[in-house]
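Whatever order the structure lists them in is the order used to number ligands and atoms, beginning at 1. Every value quoted in this text rests on a predicted model; they were computed, and no experiment measured them.
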Amino acid sequence: MGLPEGFRWGVATAAYQIEGAVDEDGRGPSTWDTFAHTPGRVRDGHTGDVACDHYHRWPEDVALMSGLGVGAYRFSIAWPRVQPSGSGPVNAKGLDFYDRLVDGLLAAGISPAATLYHWDLPQPLEDAGGWLERDTAYRFAEFSYLAAERLADRVDMWITLNEPVVVTAYGYAFAVYAPGKALLMDALPTAHHQLLAHGLAVTALRSRNARAVGLTNHYSPAWAATPADQPAADAFDAFMNRLFTDPVLLGRYPDLMGDAPYIRSADLSVIASPIDFLGVNYYQPTRLATPSEGPLPFDMVDITEYPTTGMGWPIVPDAFLSLLRTLDARYDLPPLYITENGCSFPDEVGADGTVDDSSRIEFLDAHIKAMRTAIDEGIDIRGYFAWSLLDNFEWSEGYHPRFGLVHVDYETQKRTPKKSYAWYRDLIASS
Ligand code: IFM
């Protein structure tokens with residue numbers, strides 16, 4: 001079967017991973033600036049200070065998207081550019097940047113899809129408690145309102161949060177991402193406050209006539225190592241796949257929240273405000289076993305029988321299909337967008353000046369086929385965004401992993417489209 005009418009092929013990026021220009025035009029510090037500048041936090045001390053210099057080179061990057069023929073671009077708006085201290089008046093120059101970008105995209109015939117929070121919390125908000133504090137949810141709604149006030153007449157899709165589970169788990173429970181806290185299960189209030197932020201932002205965005213509003217979650221199918229390990233897999237599933245979806249689509253939490261004093265009676269109805277779409281990010285499945293010791297109800301076990309990406313992540317396109325089927329069976333879903341899917345490999349520019357990333361082509365081809373099977377089965381998927389347009393700052397791994405369709409030489413900022421860029425361009429043109 002063909003793709004649904006209006007299906008959007010796109011590419012995705014995020015502000016801190018590509019923009020650089022961290023001190024320009026009044027931008028304030030974010031938790032990722034602080035974290036990356038703390039010795040030992042990011043591999044080889046890499047930071048997002050310059051990144052892909054997209055803040056200055058965005059016209060070149062929009063031209064690369066035009067060359068691909070994408071219909072949509074998912075980018076994120078850096079909260080610390082718009083409200084440098086996380087509250088108070090707008091920094092006009094910060095919003096001007098996104099205004100120019102959005103106009104540049106529209107002039108190129110590319111639909112703008114803006115994410116409002118891709119992990120770069122203004123540092124002053126973190127100093128006041130960050131996502132452990134309920135007030136951060138209200139600050140986020142205010143920021144969302146300000147961004148939409150300026151851009152809602154031209155942005156087609158608004159994504160409130162990107163992968164809030166990663167913020168709770170990596171940022172607040174296990175200290176591997178900003179803000180680097182190791183609170184284990186005491187990190188759970190950050191889940192509730194992010195969800196509340198999402199719900200409040202939906203209302204704020206709608207009050208500014210936002211065209212379509214949703215959120216993006218990270219999903220990883222949970223495989224039990226043996227039948228006896230099924231409770232461990234279920235516990236992981238509740239945390240990774242249900243914690244940020246059940247409250248939004250079902251209006252209730254999975255069991256793991258327990259008796260949480262920070263959840264107020266009206267909160268779940270705010271969180272369950274209807275959304276226009278759900279963003280799905282998929283990279284890999286996870287295998288779980290009963291924990292031998294420790295505070296968590298599961299242990300993660302390596303998956304060794306599949307080829308892996310440069311991150312060591314198993315390549316399992318069938319798990320992507322089974323995830324889409326599971327979501328469809330579990331919920332009365334709004335339309336889905338695949339807001340991220342992709343892989344890193346240690347790509348290099350060859351002597352002839354080209355980058356042969358055939359492994360990425362295989363990865364994308366197999367995952368897009370899995371998505372098309374889901375569409376053929378009747379699952380309402382309206383778009384696919386490859387992660388990522390450019391090689392970029394991969395959080396605590398710095399610039400080592402390369403996820404882009406376009407290679408970036410960080411010394412010269414030269415962009416070199418890889419073989420996968422031409423492959424994706426041809427795929428878009430033919431479908
Ligand atoms: O680079 C990240 C992105 O910021 C969020 N989703 C996963 C990607 C690859 O790790």
Side-chain angles (χ1 to χ4, degrees), residues 10-20 30-33 35-36 41-43 46-48 51-52 54 61 73-79 113-121 159-171 174 176-179 194 214-221 240-241 244-245 278-286 300 308-316 319-320 323 337-347 357 359-360 363-364 367 384-408 410 420:
V11 283
T13 64
Y16 189 74
Q17 294 181 270
I18 63 166
E19 284 180 2
S30 78
T31 48
W32 266 97
D33 295 287
F35 190 77
R41 293 301 208 174
V42 175
R43 201 168 146 199
H46 292 172
T47 73
C52 306
H54 172 79
D61 296 336
Y73 174 45
R74 175 179 175 229
F75 59 97
S76 81
I77 297 179
W79 187 351
T115 303
L116 285 158
Y117 181 65
H118 201 123
W119 309 348
D120 43 1
L121 191 74
I159 295 165
T160 53
L161 310 176
N162 177 71
E163 299 182 346
V165 72
V166 173
V167 174
T168 294
Y170 285 21
F174 302 120
V176 280
Y177 280 5
Q194 287 188 86
L215 93 162
T216 277
N217 278 321
H218 181 98
Y219 295 102
S220 180
M240 178 61 79
N241 299 320
F244 291 93
T245 310
L278 176 67
V280 173
N281 290 1
Y282 169 78
Y283 289 89
Q284 56 165 333
T286 307
M300 294 185 196
T308 54
T309 69
M311 301 287 281
W313 296 348
I315 301 173
V316 195
F320 184 30
L323 162 69
Y337 284 86
I338 310 307
T339 40
E340 282 181 33
N341 177 233
C343 52
S344 79
F345 288 105
D347 306 317
D357 60 340
S359 309
R360 177 168 293 99
F363 181 103
L364 293 174
H367 285 77
Y384 175 94
F385 293 80
W387 183 271
S388 181
L389 172 67
L390 303 170
D391 291 341
N392 60 52
F393 177 80
E394 177 56 21
W395 310 112
S396 50
E397 291 298 315
Y399 295 99
H400 294 284
R402 291 185 174 272
F403 274 90
L405 299 171
V406 176
H407 181 278
V408 177
Y410 297 108
S420 59

* Asked: Which one holds for F393 and ligand 1: side chain close, backbone close, both close, or neither close, with close meaning a heavy atom under 4.0 Å?
  -> neither
* If the plane angle is over 60° it's perpendicular, under 30° parallel, otherwise tilted; pick one for W395 and Y177. => tilted
* Any idea which atoms of ligand 1 are less than 4.0 Å away from a heavy-atom of Y283? -> 6 (N), 7 (C), 8 (C), 9 (C)
* To do: Please lay out, stage by stage, how D347 and H407 fare under the test side chain to side chain donor-acceptor pair (under 3.5 Å).
  => CA-CA 8 Å; D347 306 317; H407 181 278; over 6 Å; no
* Structure fact -> Quick note on ligand 1: atoms under 4.0 Å from a heavy atom of W313 include exactly 10 (O)
* Structure fact -> Per-atom filter on ligand 1: closer than 4.0 angstrom to a heavy atom of W119 are 5 (C)
* With only distance considered, is Q17 within less than 3.5 Å of ligand 1 through an N or O on each side? -> yes
* Under-4.0 Å heavy-atom contact with ligand 1, by part of E340 that carries it -> side chain
* Asked: For atom 1 (O) of ligand 1, what is the nearest protein heavy atom, given as residue, atom name and distance?
  -> E394 OE1, 2.6 Å
* Asked: Just wondering, are more than 12 heavy atoms of other shown residues or ligands nearer than 6.0 Å to OH in Y170?
  -> no
* List the steps and the verdict of side chain to side chain contact (heavy atoms under 4.5 Å, CB included) for R360 and L405. => CA-CA 9 Å; R360 177 168 293 99; L405 299 171; 4.1 Å; yes
* Contact with ligand 1 for Y282, non-hydrogen, under 4.0 angstrom -> no
* To do: Of the side chain and backbone of H118, name the one, both, or neither that has a heavy atom under 4.0 Å from an atom of ligand 1.
  => side chain
* Side-chain donor or acceptor of N281 paired with backbone N/O of E340 under 3.5 Å -> yes
* Ignoring hydrogens and angles, state whether a donor on the side chain of T245 or Y219 is under 3.5 Å from an acceptor on the partner side chain. => yes
* Asked: Any donor-acceptor pair under 3.5 Å linking the side chain of W387 with the backbone of Y282?
  -> no
